[in-house]
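Worksheet: the structure to be examined is printed underneath.
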Amino acid sequence: MARYMTKREAMRKRAWFRALSGLADFFASIGSVIVILLCVALLTQLFVWLRGDITQVLFSLESVAVSAIVSPDAAKEKESVDILPAAPTLPQATPAPVDGAIVNADGEPDSAQQDEAGSDDPGEADSSENDDQDEDYG
């Protein structure tokens, strides 16, 4: 069986919920004031930053405009130097030896080393000398 409340109990419960509701409204109001103050502080800092930044931007624009009016050729040369950096240089590759030819550091055939390697006849060439050449170049 369901329990019935008396009129006095119902009024007491209603008063309790009113008190909790009022307390929640109070804390919500305090929290809202804190959030509003925080937003005002952030907006103030934003405007201070913008004011400082705008003066810096206007000063740089003024200096660019004055230098372009006073000496436009120097301004164009300075812009071209600043905008286009020097192209990097790549090291030149040395040509690979052709058909077992001996080459020096400049990539040219080295006749002195070819004479030391032996005769032109492939049958007379020593295989140990050819192995040394392969280790040096390969």
Side-chain angles (χ1 to χ4, degrees):
M1 183 172 194
R3 179 169 185 256
Y4 294 103
M5 279 196 279
T6 62
K7 198 173 198 180
R8 180 181 273 165
E9 288 175 347
M11 288 180 72
R12 198 177 286 162
K13 199 171 194 178
R14 190 176 295 142
W16 174 253
F17 282 122
R18 270 193 208 150
L20 284 179
S21 176
L23 195 59
D25 288 343
F26 174 74
F27 285 126
S29 298
I30 296 296
S32 299
V33 168
I34 291 173
V35 168
I36 288 171
L37 290 176
L38 181 66
C39 289
V40 168
L42 287 173
L43 284 173
T44 304
Q45 289 298 319
L46 176 66
F47 287 125
V48 167
W49 177 74
L50 282 175
R51 186 173 60 202
D53 194 41
I54 286 176
T55 57
Q56 184 180 1
V57 168
L58 292 178
F59 178 73
S60 65
L61 288 176
E62 180 185 6
S63 66
V64 169
V66 167
S67 65
I69 291 172
V70 172
S71 58
D73 294 333
K76 287 181 183 176
E77 289 175 8
K78 185 177 180 182
E79 287 177 3
S80 66
V81 169
D82 291 341
I83 293 173
L84 300 174
T89 58
L90 299 175
Q92 294 183 349
T94 58
V98 180
D99 295 332
I102 299 173
V103 294
N104 60 14
D106 296 330
E108 299 173 0
D110 193 4
S111 59
Q113 289 182 359
Q114 285 180 356
D115 291 340
E116 292 174 4
S119 67
D120 293 331
D121 187 13
E124 294 180 14
D126 187 17
S127 63
S128 64
E129 288 181 8
N130 290 335
D131 291 340
D132 291 339
Q133 291 175 359
D134 290 339
E135 289 176 7
D136 291 341
Y137 294 104

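The model shown is predicted, which means the values in this text are computed figures rather than measured ones.
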>> Distance check, rounded to the nearest 0.5 Å: Met11 atom CE versus Arg18 atom CZ?
In response: 8.0 Å

>> How long is the straight-line distance from CZ of Arg12 back to CE of Met5, given to the nearest 0.5 Å?
In response: 12.0 Å

Considering residues at least two apart in sequence or located in another chain, which fulfil the side-chain contact (heavy atoms from CB on, under 4.5 Å) criterion with [X]?
X: Thr6; answer: Arg8, Glu9
X: Trp16; answer: Leu20
X: Ile34; answer: Ile30

> Shortest non-hydrogen contact from Ser60 to Ser63?
Replying inline: O-OG, 2.8 Å

I'd like a table of donor-acceptor pairs (distance under 3.5 Å, sequence neighbours excluded) in which one partner is a side-chain atom from residues 52-59, with atom names and distances.
from  : atom 1 : to    : atom 2 : distance (Å)
Thr55 : OG1    : Arg51 : O      : 3.4
Thr55 : OG1    : Gly52 : O      : 2.7

Check residues 35-47 and write down every donor-acceptor pair under 3.5 Å in which the side-chain atom is one partner and the other belongs to a residue at least two apart or another chain.
from  : atom 1 : to    : atom 2 : distance (Å)
Thr44 : OG1    : Val40 : O      : 2.8

